[in-house]
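Order of the sequence lines fixes the chain letters, A, B, ..., with proteins taken first and strands second; residue numbering starts at 1 for each chain.
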Amino acid sequence: MSRGGVSTPILHVDMDAFYASVALRERPDLVDQPVVVGGSGRGVVLAANYVARRHGLRSALPMTRARRMCPQVVVLEPDYALFTAVSASVMETFREVTPIVEAMSLDEAFLDVRGSTRRLGDPPDIAERLRSTIHDEQGITCSVGVAATVSVAKLASRRAKPDGVIVVPPAEVTSFLHPLDVGELYGVGEKTQALLHRFGLMTVGDVAHTPLRTLQRAVGAHLGRELHHLAWGTDRSDLAPSAGPHEPDKSMGANETFARDTDDRDFIVRELLRLSARVGGRMRSAGVAGRTITLTVRFADFTTITRSRTLSEATDVTVEIHRAVTRLYDALGLQRARLRLVGVRVEGLVPRSSVQRQLVLGEPEHGWAEADRAVDRATRRFGAAAVRPASLV
DNA sequence: TCTGGGGTCCTAGGACCC
DNA sequence: TCTGGGGTCCTAGGACCC
């Protein structure tokens, strides 16, 4: 350890099979059985415990396939309110270690512990201490990667799973990274992995030793540069603390996969209203409005298209969102095409207070914003189920 | 009766403006 | 009258992440 600062100040903490672990706290009788958290019907596996993983079950696997692969699997419904509450407690534990916490999702975060070593010891000690605190307080396990940069810490935590710690000192970064498959790198998914493999780049070491220009020709200027850094472990080590009022969302949306494919326009337009109401309600409670409205349509064969329209001024009004997506839908001119999903998204969000509504005299629109506020008030008092547009009743 | 839902970012072409 | 060079906005698609 060098004097004047630790060499591996970044911790990546990742809960092990988070949703499944939390769900199993409520059902300790099931811990030795294969358990997944997931929806029913056309859903996918959201989390699989380690017993289920021995049967090949993984996140994102279609539930139908999961049941076929492991008929005895126990499926638990997700309880997002519970997951969110546990996550908040865990994040609180992180902030007792350091104020510099960058949350990536409900179940993982980066911590910069540079300022905590005098009080709490070296980063590996801090990692172990965190793990035992979380285990004692929450009854779930986590894994921690400790390194000098964000991406190396993240890869280390993955390697540490389940229930472990891996420290990668600077001198060992390349020997740790270079044997890994390119698909392990952050930002390399299925498509880019296949592309890189086709170029003969199988490992992170292969990527590291490819000239930058060649890499950029293969995957584009931006990703090429990014991969070069990741392959040498020279990515960022500065975190963007997500405590307190963090970055506002840039878009909000909702989509729904139907229980069965449909070409029924009336049904689809009603679904668009539900989704518009959900998005509009969330926008209003967040105090934002947006100008660009996007419709997503996924056909039965899974091909997916989007159509968007930018309005002259930002809105958070359910009826206006719904009208925009309905127009986009009708403009598609679909005849008999069966749809499996529709989605509504509003982009370019700005604080509602910054939007100057032009009040056109006698404009019939006028009343809709007030109607939304009434719906929002009623929803807060009686719940979402009690308040919905007449055409949805 | 394979393939969720909520997001972010990048690319690329065309329009439009200076 | 033989061809610029940005910069910004809009649209569509695609890849990726958790």
Side-chain angles (χ1 to χ4, degrees), chain A residues 12-15 17-19 36-47 57-69 75 77-78 80 83-84 87 102-110 150-151 154 157-158 182-196 216 219-227 230 240 242 246-261 275 278-279 282-283 286 290-312 324 328 331-332 340-349:
Chain A
H12 180 251
V13 188
D14 198 340
M15 303 299 128
F18 182 59
Y19 290 179
V36 300
V37 173
S40 47
R42 299 172 108 171
V44 298
V45 173
L46 298 171
L57 304 192
R58 293 277 182 286
S59 301
L61 199 68
M63 284 299 309
T64 48
R65 269 192 72 195
R67 287 183 193 279
R68 230 178 302 136
M69 290 166 65
V75 179
E77 288 282 318
Y80 291 103
F83 301 154
T84 303
S87 174
E102 181 176 331
M104 295 295 288
S105 65
L106 285 186
D107 77 326
E108 61 176 287
F110 292 101
V150 157
S151 90
K154 186 158 167 63
S157 73
R158 186 183 300 172
V182 290
E184 302 271 329
L185 293 178
Y186 191 87
V188 177
E190 206 179 344
K191 306 286 183 176
T192 306
Q193 180 187 36
L195 183 65
L196 292 169
Q216 290 180 312
V219 301
H222 188 93
L223 186 57
R225 177 168 301 281
E226 189 72 19
L227 294 187
L230 294 177
S242 37
H246 60 286
E247 304 244 324
D249 285 337
K250 296 178 175 163
S251 69
M252 287 189 186
N255 59 61
E256 179 120 38
T257 296
F258 307 136
R260 51 169 47 113
D261 302 339
L275 297 170
R278 200 184 299 167
V279 173
R282 283 176 50 209
M283 290 174 67
R291 286 176 61 213
T292 303
I293 317 285
T294 302
L295 166 75
T296 301
V297 166
R298 176 169 294 153
F299 298 98
D301 70 356
F302 220 75
T303 58
T304 307
I305 61 172
T306 62
R307 291 293 180 269
S308 62
R309 176 72 211 271
T310 299
L311 310 176
S312 56
L328 290 166
L332 289 173
R340 78 175 273 137
L341 168 147
V342 292
V344 175
R345 176 163 295 277
V346 181
E347 300 172 65
L349 301 185

> Mapping A:Ala259 and A:Arg345 to their closest nucleotides on DNA chain B, which lands nearer the 5' end?
Replying inline: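 The 5'-side residue here is A:Ala259.
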> Just to confirm, is there a sub-4.0 Å distance from OP1 or OP2 of B:dT3 to any side-chain nitrogen or oxygen of A:Arg340?
Replying inline: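 It does, given that an N or O in the side chain of A:Arg340 lies less than 4.0 Å from OP1 or OP2 of B:dT3.
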> Does OP1 or OP2 of B:dG4 have a side-chain N or O of A:Asn255 closer than 4.0 Å?
Replying inline: no
>> Hydrogens and angles aside, do A:Thr310 and A:Thr292 bring a side-chain donor and acceptor to less than 3.5 Å of each other?
In response: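 Yes, because at least one side-chain N or O of A:Thr310 sits under 3.5 Å from a partner of the opposite role on A:Thr292.
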Looking across every strand, which nucleic acid part, if any, lies under 4.0 Å from [X] by heavy atom: base, sugar-phosphate, or nothing?
X        : answer
A:Ala103 : nothing
A:Leu185 : sugar-phosphate
A:Leu46  : base
A:Ser59  : nothing
A:Leu341 : sugar-phosphate
A:Arg309 : sugar-phosphate

> How would you list, by chain and number, every residue that makes a salt bridge (charged side-chain N to carboxylate O under 4.0 Å, His left out) with A:Glu108, sequence neighbours excluded?
Replying inline: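 With sequence neighbours excluded, A:Glu108 shows a salt bridge (charged side-chain N to carboxylate O under 4.0 Å, His left out) to A:Lys154, given in chain and number order.
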>> Checking A:Arg298 now: which residues fulfil salt bridge (charged side-chain N to carboxylate O under 4.0 Å, His left out) with it, not counting sequence neighbours?
In response: none
> In whole angstrom, what separates A:Arg298's CZ from B:dG6's C1'?
Replying inline: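 The answer, rounded to whole Å, is 13 Å.
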> Using Watson-Crick and G-U wobble pairs with both distances under 3.5 Å, what is the 5'-to-3' dot-bracket string of DNA chain B, with [ ] for crossing pairs and | for pairs outside the strand?
Replying inline: ....||||||||||||||
>> For A:Gln216, give me all partners under side chain to side chain donor-acceptor pair (under 3.5 Å), at least two apart in sequence or on another chain.
In response: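 Once residues adjacent in sequence are excluded, A:Gln216 has no partner under the side chain to side chain donor-acceptor pair (under 3.5 Å) criterion.
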>> List the residues meeting side chain to side chain donor-acceptor pair (under 3.5 Å) with A:Ser308, not counting sequence neighbours, and say none if there are none.
In response: none
>> For nucleotides 10-17 of chain B, give me one character per nucleotide, 5' to 3': B if any protein heavy atom sits under 4.0 Å from the base, S if the only such contacts are to the sugar-phosphate, - if neither.
In response: SS------
> Got a sec: does the CZ of A:Arg67 have more than 12 other heavy atoms crowding it under 6.0 Å?
Replying inline: no
